[in-house]
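The structure presented is a predicted model; accordingly, all values stated were derived computationally and were not measured. Chain letters run A, B, ... following the sequence lines, proteins first and then strands; every chain starts at 1.
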2 protein chains.
Amino acid sequence: MSSNTADLNPPPRILLGAGPANVHPRVYQAMMAPILGHLDPDFLHIMDETKSLMRAVFRTQNEETIAVSGTGSAGMEAAVANLIEPGERVVVCVAGFFGDRIAEMASRYGGEVVRVEAEWGRIIEAEAVEAALKAAGRTKLVAIVHSETSTGVHQPLEDIVRLAHEHDALVMVDTVTSLGGCEVAVDDWGLDACHSASQKCLGCPPGTAPLTFSPRAAAALRSRETKVRSWYLDMTLLDNYWGGKRAYHHTAPMTMVYALREGLRLVLEEGLEARISRHLRNGQALWAGLGAMGLTLHAQEEYRLPLITTVRIPEGIEDLKLRRALLYDHNIEIAGGLGILAGKIWRIGLMGVSSSAENVLAVLQALEQELSAQGFRLEKGAGVAVADRVLSEG
Amino acid sequence: MSSNTADLNPPPRILLGAGPANVHPRVYQAMMAPILGHLDPDFLHIMDETKSLMRAVFRTQNEETIAVSGTGSAGMEAAVANLIEPGERVVVCVAGFFGDRIAEMASRYGGEVVRVEAEWGRIIEAEAVEAALKAAGRTKLVAIVHSETSTGVHQPLEDIVRLAHEHDALVMVDTVTSLGGCEVAVDDWGLDACHSASQKCLGCPPGTAPLTFSPRAAAALRSRETKVRSWYLDMTLLDNYWGGKRAYHHTAPMTMVYALREGLRLVLEEGLEARISRHLRNGQALWAGLGAMGLTLHAQEEYRLPLITTVRIPEGIEDLKLRRALLYDHNIEIAGGLGILAGKIWRIGLMGVSSSAENVLAVLQALEQELSAQGFRLEKGAGVAVADRVLSEG
């Protein structure tokens with residue numbers, strides 16, 4: 001390989017997978033802005049604005065609010081790394097791939113992990129968390145995923161947060177998929193650590209992870225007895241850069257900060273309520289359409305996440321063949337299942353820019369065609385018609 | 001803060017600090033390419049191309065060559081995290097801020113750190129490394145910075161690599177500043193781990209960190225007895241995504257990969273030799289010009305790095321006032337000193353796009369004006385004239 005590669009020319013896909021979602025044109029435009037030095041007063045001002053925008057979208061007054069210079073998983077790891085010291089007990093709720101990932105990280109950072117499990121597709125019940133907390137004894141942290149991208153489940157948090165706090169534990173919540181698409185209210189809900197990612201409902205490319213720590217979590221940092229094992233993700237050092245001291249830590253990825261700032265502005269311009277309604281309406285239309293096509297949704301009905309719809313692959317249908325056909329013949333990406341759900345479900349994302357009435361109808365139309373091509377029997381046009389009715393009622 | 005922030009409009013600076021450097025227009029253009037899914041075959045192909053381009057610029061055949069989804073410090077931490085297990089001995093060469101950073105990371109990952117120190121501004125002598133290896137006993141890793149951004153020193157590696165291998169230790173080398181601007185030959189030099197960053201001589205925004213592991217380093221990964229403490233930076237998992245298995249790990253930051261690919265193409269189009277000559281010539285012109293102005297260079301003369309020139313702040317001159325004047329009145333960023341050199345030196349970067357004859361003359365001209373304004377006595381026009389002569393001879 002030398003320099004004789006071709007000019008970059010990726011196809012403009014309709015991204016309805018599990019993320020990244022499509023990027024808003026204004027975000028692309030923001031990324032054209034010239035790079036500044038990482039300590040240039042003009043850049044520090046942009047960081048301040050981005051921090052304020054993050055706080056507005058997280059609905060928090062938390063001083064410790066930053067964008068981690070990495071993807072959503074780096075945000076998750078930052079929360080885990082900073083809040084756990086070796087030997088401390090962590091109750092991790094696992095009802096999908098990303099709960100499992102938190103447990104894995106917590107174990108690598110020396111935590112004594114207690115897993116509270118539920119079937120992949122169902123919520124974690126507060127009673128199970130309560131039982132674990134009672135059995136476990138002194139617990140530093142309860143960690144849970146708000147929007148389990150692998151199952152399409154929308155986890156209720158209120159009771160679990162209350163129980164954790166009653167047991168004097170901090171609460172860490174993964175809102176990678178939900179922030180900017182579902183209600184997330186860090187302060188009202190009493191969350192101690194909350195992280196997200198740029199490439200889902202915030203409408204940016206992947207590369208930054210908003211992260212916020214409550215005063216209680218910040219106090220836990222200050223009373224650590226050991227250094228955070230990861231230097232790159234050490235919140236105290238990061239906050240010295242994002243906060244008042246402006247001490248050099250690493251070189252912030254300006255372009256990604258520009259993108260995040262613009263994505264957050266777009267969220268607030270649309271308005272959190274209007275945006276959440278849009279995501280819900282489009283999700284409901286998709287569910288109705290899929291149902292009318294004779295497909296079965298996977299997630300527990302009362303707790304479906306409108307951002308990621310999980311649908312069972314009908315018997316006899318070839319997973320990869322269908323997804324390839326969607327990608328190459330319809331230019332639409334949907335995602336397959338992860339972990340134990342691989343080959344069993346599809347995941348259809350409607351997040352940020354990608355959550356539109358046009359995309360709901362397009363993916364239903366494409367699915368109908370490709371399912372029919374594989375011999376699946378359905379009533380032609382029923383899915384689109386039902387979805388269209390839900391959309392026009394909304 | 002709500003959505004009433006202004007449109008993004010940062011000033012187009014001449015970036016002659018310690019990085020980021022200015023970004024090539026073709027790199028900005030590449031970042032406009034549409035986002036793809038992280039497992040889209042078209043994106044996997046782009047990753048393959050980027051990997052091949054990284055190998056060409058690193059001058060390596062190493063199979064384990066990836067771009068870490070973070071900045072240069074994440075690349076550094078990835079090398080440390082993967083190569084050190086708790087209790088293993090690491091000899092870290094510290095003659096500046098970034099050597100010190102490696103030592104700090106190695107200690108956080110449980111390494112038994114032996115520091116080999118030199119004055120900040122001088123190279124690490126091979127004899128000192130030899131003595132440390134003999135005294136230390138069994139050593140897993142010798143870590144050293146090739147291009148110490150804090151001191152402007154260009155560290156020779158040949159003897160140190162040989163000694164490390166004689167003592168059966170792996171060698172990790174930081175080429176954050178040198179890759180694409182100075183000679184770096186991973187295979188010929190026998191380096192076992194080598195990391196860099198996108199925002200210096202590769203001409204991209206910060207956000208990705210090229211990283212390569214030799215077969216010997218890869219074998220060390222496979223024989224680890226403990227898991228890598230950082231999940232996000234676990235090379236085995238990362239290489240499963242970048243390599244043949246294509247297993248999902250994290251969502252790659254496509255835009256940053258697009259940027260890196262274009263930056264690397266530009267390096268190879270110019271040609272490594274021609275590019276290295278350009279950086280050297282411009283650095284030499286700057287050194288000559290600064291000398292003619294009566295300024296003293298800080299780095300050990302035979303080992304000056306043409307990419308980052310360190311110059312002592314003359315007595316009576318106010319550091320911050322001068323740098324602010326350069327920034328606001330000349331639109332030029334240079335960097336101050338780091339750590340123990342803060343307030344004592346300036347650092348002038350000539351990297352990637354920023355390394356041009358025009359920028360050499362512009363910064364000399366601006367420095368002359370602002371030094372004079374603070375009462376520093378110099379021969380008007382001498383710096384520019386001397387630099388110009390070197391440039392026209394080159």
Side-chain angles (χ1 to χ4, degrees), chain A residues 1-3 5 8 10-13 15 17 19-20 22-23 28 30-38 40 42-43 46 49 52-53 56 69-74 77 104-105 108-109 199 205-207 227 229-232 248 250-256 258 261-262 265 268-269 327 333 338, chain B residues 1-3 5 8 10-13 15 17 19-20 22-23 28 30-38 40 42-43 46 49 52-53 55-56 69-74 77 104-105 108-109 199 205-207 227 229-232 248 250-256 258 261-262 265 268-269 333 338:
Chain A
M1 170 78 51
S2 75
S3 59
T5 46
L8 198 62
R13 305 263 193 240
L15 296 177
N22 286 119
V23 171
Y28 281 117
M31 294 196 295
M32 290 293 85
I35 291 298
L36 291 171
H38 52 285
D40 189 312
D42 281 46
F43 182 64
I46 291 167
E49 290 181 328
S52 296
L53 292 161
S69 299
T71 64
S73 298
E77 186 161 321
E104 170 67 18
M105 287 180 179
R108 289 185 185 223
Y109 278 92
Q199 79 276 12
K227 282 188 181 177
R229 285 177 170 184
S230 169
W231 178 92
Y232 189 65
Y248 165 58
H250 68 289
T251 302
M254 291 84 205
T255 307
M256 291 290 101
Y258 296 168
R261 178 183 178 280
E262 197 65 19
R265 286 178 82 210
L268 295 174
E269 278 179 29
L327 193 68
E333 178 183 78
L338 267 183
Chain B
M1 170 77 53
S2 75
S3 61
T5 46
L8 197 62
R13 306 262 194 241
L15 296 176
N22 286 119
V23 171
Y28 281 117
M31 294 195 297
M32 292 292 84
I35 292 296
L36 291 171
H38 53 285
D40 189 311
D42 280 48
F43 182 64
I46 290 167
E49 290 181 330
S52 296
L53 291 162
R55 291 165 73 184
S69 298
T71 65
S73 298
E77 185 161 320
E104 170 68 18
M105 287 179 179
R108 289 185 185 224
Y109 278 92
Q199 80 276 13
K227 281 188 182 179
R229 284 177 170 184
S230 169
W231 179 91
Y232 189 63
Y248 164 58
H250 68 289
T251 301
M254 292 81 205
T255 307
M256 292 289 102
Y258 295 168
R261 177 182 179 280
E262 197 65 18
R265 286 178 82 210
L268 295 174
E269 278 178 30
E333 177 183 79
L338 267 183

Restricting to non-hydrogen atoms, name the atom on A:Ala252 and the atom on B:Pro206 that form the minimum distance, rounded to 0.1 Å.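 That would be O-CG, 3.2 Å.
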Chain B heavy atoms under 4.5 Å from A:Leu8: which part of the residue, side chain, backbone, both or neither?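 Answer is both: backbone and side chain atoms of A:Leu8 are under 4.5 Å from chain B.
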So which part of A:Met31 gets closer than 4.5 Å to some heavy atom of chain B, the side chain, the backbone, both or neither?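 For A:Met31, heavy atoms of backbone and side chain both lie under 4.5 Å from chain B.
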For residues [X] and [Y], determine if any side-chain heavy atom of one lies less than 4.5 Å from a side-chain heavy atom of the other.
X: B:Pro34; Y: A:Arg13; value: no
X: B:Ser230; Y: A:Tyr232; value: no
X: B:Glu104; Y: A:Lys227; value: yes

Under the side-chain contact (heavy atoms from CB on, under 4.5 Å) test against B:Pro20, which residue among A:Thr251, A:Leu36, A:Thr255 passes?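 Only match with B:Pro20 under side-chain contact (heavy atoms from CB on, under 4.5 Å): A:Thr251.
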Measure the [atom1]-[atom2] distance between [X] and [Y] for me, rounded to the nearest 0.5 Å.
X: A:Thr71; Y: B:His250; atom1: OG1; atom2: NE2; result: 5.0 Å
X: A:Leu327; Y: B:Asp42; atom1: CG; atom2: CG; result: 7.5 Å
X: B:Glu333; Y: A:Ile35; atom1: CD; atom2: CD1; result: 11.5 Å

Sort out for me which of [options] touches chain A most, counting heavy-atom pairs under 4.5 Å.
options: B:Tyr258, B:Tyr248, B:Phe43; answer: B:Tyr248
options: B:Gly70, B:Gly17, B:Ala33; answer: B:Ala33
options: B:Asn22, B:Asp40, B:Leu338; answer: B:Asp40

For the interface with chain B, which of A:Gly19, A:Ala30, A:Pro11, A:Ser69 has the highest count of heavy-atom pairs at distances below 4.5 Å?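 Result: the option with the highest number of such pairs is A:Pro11.
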Structural part of B:Arg261 lying under 4.5 Å from a heavy atom of chain A: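 Contact with chain A is through the side chain of B:Arg261 alone.
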Is B:Met256 in contact with chain A via its backbone, its side chain, both, or neither, using a 4.5 Å heavy-atom distance?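 Just its side chain gets close to chain A.
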Looking at B:Trp231, is its backbone amide N or carbonyl O close enough to the side chain of A:Glu77 to form a donor-acceptor pair, meaning the two atoms are under 3.5 Å apart?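 Checking the backbone N and O of B:Trp231 against the side chain of A:Glu77, a donor-acceptor pair under 3.5 Å is found.
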